[in-house]
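Here is the structure we will look at.
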Amino acid sequence: MLHPQAETLLRELLDAFQAKYPSADATRIVAVAHFADLSHDGQLRKSGDPYITHPLTVALYCAQSGLDEVTILAALLHDVVEDSGVTLETISEKYGPAVARIIDGVTKAAKGPGETELTYHKLLSRAASDVRVLLIKVFDRLHNLRTLDAMPPEKQKKKARESFLYADIAERLGMWAIATEILDLVLRILYPEQVEALLGRFSAPQLRDEAAEVRQRLSDVLPKHEVQVYWRPLGWFYDRAAGRLRTSEESSSYYDLLVLTEDLKGVYSAFGVIHRQFRVVPGQVLDFVANPKANDYQGLHTMIHLRGRHKVRLMSREMHRRNEDGVLHRFLEQQQALSYYRHYLDMLRQMTEERDLLVDDVMAHLAPRAPILVLTPAGDRIHLPQKATALDFAFSIHTELGLHMSGAVVNGQKVGLDHELKEGDLVEVLTSPEAGPQRSWLEVPVTVLARQAVRRALGRRIRQKASLLGRQLLEPHLEALFEGQRGIDGRVLSKIALPSEGVLEDLLYDGPKVLTRWIALDPVLEALRSLRRADFYAGFCPEVTEHDPFFQVAECCTPLPGESILCELQRAHGGLLHREDCARVVRARSVPARWAFADPVRTMELSMRAKDRAGLVSDILEAFRDLKLSLSSVDARIEGAEGLVSIEAVDVPLSTLASAGPRLRQVQGVTAVRWSLRRAH
Ligand SMILES: [Zn+2]
């Protein structure tokens, strides 16, 4: 027997479900509601209501939103695994694997270290394959927020702070009405006084009168359409960075005008009337009908002068309904067309494959603020966060595309991969088989996906290079031991019982002592093992080629190409290049290396950092004159007490660079000389 309150909720739930699915059988829903009731038997909510009223309400929200039976069953059962002894296996057997998977997604991870991260990871990875997980989570949070009164204030605040995420998710899924309500509830809990002050402004008679008048004047010229005053939600005033609610002097900040038309044609004809009848603020027309926003919001925006400037949004009733409901509205109709959501869920899936992701990274990706929309040559719409670069774009299309990117064409102009994209750009990615990730790429992307992909690819290339160098290091020793047999192939390696590429890597970094890990009676192995470290590395001198991510220039001494260098071998980081005379280099881990750059170096930027002083730039230029270098550009600026001089030189002989370093460092006040090669494309 259900509690009378629960009984009422169940009846509402069944009504809502059958309104959407008139011919569906509701017996499973009734059975599951009773099963959930039994599982939560004796549990009460903080408000004193029987616990079952919570899952029933969440299920009711789902039903009212038109979600399917599986979602409703999962909503009814969403707390039983966490709060009672029922296992996921039982649920899977009784109600099917889909219900169990959704519940697993919304269930907290086991208590312990990293619990929050794990819970989060679980939620996202399940959501990636089934958006219904997120929907239940959002409704679950909505009901909890609506009934938070019963909690002590501190707990309310904690819940409220956690809930920003759910407002973000709802917004990103286009569930505008729910996002607005969640944010509204959250702000009322966190900033009660500021909210009250703001609400005071909303109810000022002067503002009300003005809004009514503006509405009327618009309505007069649009007799066939419904004109509404749309009061801005509290969330609109929330300044996330400052953690407070803004108020504004301008009355028009508190509302905008909404024109609802019967159909799409009406939107454009009403727009025409407004533009003929009123003075229009130039440059404020935004057409989200032709180009919907990232969350599929549609509408035509303009701004008119009418006792101040007022934003007017025009949309059909159908668009309005979709704008409020987002993914819910489209959930069951034409799932195939949900390319945006598929893309979104696909990103979630990729993200959850990354174990080392920070929650902040995920958040930034899950709910970027005001994303921009750019277009592929085929006309596909791609949404990226603000400040996204061409490289972000390439990775958002396909990892391989990003990894072989050499540049891009944006609106017909050739640009580098660090080019920042703007709303509406048409972007084409250029690739080349030689192109590949370099260390400098790590600075380029803003999206976590691209950054992770670059980091992984760099790690791979560094490991490959390390085992290649390990092989070069080992080869002469084996040749000597095998009395002149040329080359080492897998056969020979297996003969001396070295199992893998990984061993070559170990040999490079740690020398022959790693061989003691193998117990072998092999005489070759024995001979190698007995080599002294110095003898083992004797004669080894890796070649430093352009754009090879294995090598990195040490910050302490920043050697220029051409200068004598040591390569400090650092496991997992590759080789750190120091000047031969550097005081910081760890000599025991270092080997000599040599530059194998194309000679002359075609285009190179040299930048010098120095204490700012009169005559700095001319002294530096004089040094360049002494070196007889041809400069293609010179740039100087001041940063605080420091001067930064950047010079681009072309066709620089390596021999000149060898003397350029000492000469430039001699210039009084210069603290650092850095260089970079212009990208090879
Ligand atoms: Zn150094």
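We count ligands from 1, going down the list as the structure has it; atoms in each ligand are counted the same way.
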- Query: Under 2.8 Å from the Zn ion (ligand 1), which protein N/O/S atoms are there?
  - Reply: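 Near the Zn ion (ligand 1), the protein supplies C556 SG, C557 SG, H578 ND1, C582 SG.
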
- Item | Atom CD of Q668 with >12 non-hydrogen neighbours under 6.0 angstrom |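 It does not: Q668 CD has 12 such atoms or fewer within range.
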
- Query: With a cut-off of 6.0 Å (strictly less than), are more than 12 heavy atoms of other residues, nucleotides or ligands near CZ of R613?
  - Reply: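 Count over threshold, so yes.
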
- Does the side chain of H578 pick up a donor-acceptor pair with the side chain of E568 at under 3.5 Å?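 Their side chains do contain a donor-acceptor pair, which is all the 3.5 Å distance test asks for.
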
- Name all residues meeting the salt bridge (Lys or Arg N to Asp or Glu O under 4.0 Å) criterion together with E543; count only those two or more places apart in sequence or in a different chain, and write none if there are none.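 Partners of E543 by the salt bridge (Lys or Arg N to Asp or Glu O under 4.0 Å) criterion, ordered by chain and then number, come out as R594.
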
- Report the distance from atom CE of M405 to atom CD1 of I397, rounding to the nearest 0.5 Å.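 Result: 10.0 Å between the selected atoms.
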
- Which pair of non-hydrogen atoms, one from T389 and one from D418, has the smallest distance, and what is that distance?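 Nearest pair, atom of T389 first, then D418: CG2-O, 3.6 Å.
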
